[in-house]
Amino acid sequence: MSNPHETAALAATLEGNGALIGEDEGGSDGHRWGMVVDADLCTGCQACVVSCYAENNIAISEEDRITGGRAKTWIRIERYWEGEFPHAKARFVPVLCQHCDNAGCETVCPVWATYHNDEGLNVQVYNRCVGTRFCANGCVYSARYFNFWDAEWPTPLDYQLNPDVTVRTKGIIEKCTFCVQRIQRAKTEANRDNRELADGDVQPACVQSCPTSALVFGDLHDAESQVAQAVHSERGFRLLENSGFEPAVTYLAKIDPHAKEATTAHE
Amino acid sequence: MGVLRGLLPRLTRRQMALIGIPLTLGGLATAGAVAVLIFLGASGGTIRPAPVQPIAYDHAVHAGDNAIPCEFCHRGVSTGAVATIPSVEQCMYCHAVVGQDLPGVLRLAAKWEAQEPIEWTRVHRLPDHVRFVHVTHIDANIPCETCHGDVETFAVMKQVNALNMGECMGCHRDTTNQPASSASPSGNAVLKSSASLDCAVCHR
């Protein structure tokens, strides 16, 4: 480590790793999409899951596929029980693709079907994917889903397919896109009106349908945006942060003053 | 065969295999490579022949002789992803009073009487994994001719460009990083904004 250049490079790398999300990608003038999930507001109602199915043409998973571990849910509610009866409490964690800055899925794709775009989205290009499933194995959040079967849309279910979203075929990986089709649409509309995108113009289906506003989506580069403010909350943490994947989704911890005493009382 | 047998040296079965197997494999590999090249050349880039339509609609008469703007009938083009084919009702706006004796218009009027849609055969079709949005391109002042050709001269509507990804990328590369409101290299478009090269813009 005597070489001064190497030392400088290492320092720069360490500094880069320590940077807040949104400050290292895509320059300062571009967008950096991110989400905040407030676990304190989530009631586990699954409205986000349902709206995601409808918005993104996700194949409906029947019981055998769910029990077989092959269900597709771009966003899912993970439920945890805390404590023992009668002090048991349900904890809900909505888990979706975290759009990691340092994603484990992107580097392993042999055909560049998944990549990070200028706006911080982890993009899956369906027509490039050859179905190696390396990315699904590289994802610590299990947020990538393989199409083991061709989806069936018996009439009249096919009438409700979203024309803005590809219907995926058998043999490829799919995952949450942060509703990139809605981002594109909002940009087109803003462009027509000759204005910049405002905070709240882009709402993914899950965010739009959340009855308690537990999900907040927006541009992390816009310091005034709701999401950029929420990201700096003292309750903030990121899922499996020690994986080093630098996810773009920040979770806000549950506020529960009784949690500790209930647990200790039981113990 | 008898002549050949006389000319060629006599070979044992083993020798035949030694020569024959590599020759066969080489032939198969060549055939495979040719097939792949043909497939690559044809996939997504086929210009299909003009389909026969239920009514012999003539773009040359409407858009050419009568100079009706494209957008007058294809109204979705400036508001959404799909340019839209006009409804029978929309045709009848004019044809209730124009050219009522023409055979095509008679068939149109019959459809209108029966309140049935006309089942046009689609001419331009992109693969399912591409989401093309017309309004973005109209907003960028890309003329319709860029992709659809000189429609005002077509008696029968046909596809003139392959509409493959290479053609999209050709324009998108030309117009990326161009200052706003500059002319494109083709010289016929005044651009309001630069095109994106991000995959997610079309593939989503």
Side-chain angles (χ1 to χ4, degrees), chain A residues 26 30-31 33 55-57 74 99 106 109 111-129 147 150-151 153 158 161-169 171-172 174-196 204, chain B residues 36 39-40 43-45 71 75-85 117 122 124-142 163-166 168-169 172-173 175-181 189-204:
Chain A
H31 301 289
W33 304 112
E55 170 75 16
N56 291 303
N57 302 337
W74 286 10
H99 293 268
E106 290 168 6
C109 181
V111 293
W112 208 258
T114 182
Y115 72 99
H116 218 66
N117 81 358
D118 290 344
E119 301 186 345
L121 295 181
N122 175 278
V123 181
Q124 177 73 14
V125 185
Y126 304 125
N127 46 313
R128 262 192 201 158
C129 179
N147 282 270
D150 265 328
W153 307 97
D158 53 344
L161 290 175
N162 185 351
D164 291 343
V165 179
T166 308
V167 175
R168 281 81 58 188
T169 50
I172 60 164
E174 62 180 56
K175 61 158 203 82
C176 161
T177 60
F178 266 172
C179 282
V180 65
Q181 70 278 5
R182 290 182 175 219
I183 296 176
Q184 293 297 344
R185 175 170 289 195
K187 278 187 191 167
T188 305
E189 281 170 6
N191 193 34
R192 298 220 82 189
D193 304 343
N194 272 321
R195 60 177 172 83
E196 295 292 314
Chain B
V36 165
F39 174 74
L40 284 179
S43 64
E71 214 180 322
R75 296 194 173 179
V77 80
S78 56
T79 52
V82 189
T84 65
I85 304 294
R122 192 167 184 155
H124 299 91
R125 187 185 286 281
L126 292 177
D128 276 352
H129 52 257
V130 186
R131 302 288 124 179
F132 180 84
V133 179
H134 272 97
V135 60
T136 319
H137 297 85
I138 297 294
D139 283 353
N141 291 328
I142 309 291
L163 303 180
N164 55 22
M165 187 165 145
C168 298
M169 292 303 280
H172 274 236
R173 285 216 175 90
T175 54
T176 302
N177 303 324
Q178 295 255 331
S181 300
V190 180
L191 299 164
K192 228 165 95 180
S193 56
S194 58
S196 173
L197 292 178
D198 188 17
C199 309
V201 168
C202 310
H203 301 295
R204 57 191 190 221

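Bear in mind that the values here come from a model prediction, so they are computed numbers and not experimental data.
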Could you grab the distance from atom CG of B:D128 to atom OG1 of A:T169, nearest 0.5 Å is fine?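 If I round to the nearest 0.5 Å, the distance is 9.0 Å.
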
If you look at every heavy atom in [X] and [Y], which pair is closest and at what distance?
X	Y	value
B:R131	A:V165	NH1-O, 3.8 Å
B:A200	A:Q184	O-NE2, 4.0 Å
B:T79	A:R192	CA-NH1, 4.3 Å

Is a side-chain donor or acceptor of B:R204 paired with a backbone partner of A:C179 at a separation under 3.5 angstrom?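 Pair absent, no side-chain N/O of B:R204 close to backbone of A:C179.
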
Look at atom CZ of A:R185 and say whether more than 12 heavy atoms of other residues, nucleotides or ligands are closer to it than 6.0 Å.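 Counting other residues, nucleotides and ligands, CZ of A:R185 stays at 12 neighbours or fewer.
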
Step through the shown structure and confirm whether more than 12 heavy atoms of other residues, nucleotides or ligands are within 6.0 Å of CZ on B:R125. no

Interchain contact, B:V82 with chain A, by part (heavy-atom threshold 4.5 Å): neither

Engaged part of A:R128 at the chain B interface, taking heavy atoms whose separation is under 4.5 Å: side chain

Residue from A:T177, A:T166, A:V167, A:V180 scoring the most non-hydrogen pairs under 4.5 Å with chain B is A:T166

Go through A:T188, A:I183, A:D164 and name the one with the most non-hydrogen pairs under 4.5 angstrom from chain B. A:D164

If the condition is ring-ring contact (aromatic ring centres under 6.0 Å, His included), which residues does A:W74 pass it with, not counting sequence neighbours?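 In terms of ring-ring contact (aromatic ring centres under 6.0 Å, His included), with neighbours along the sequence ignored, A:W74 is linked to no residue.
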
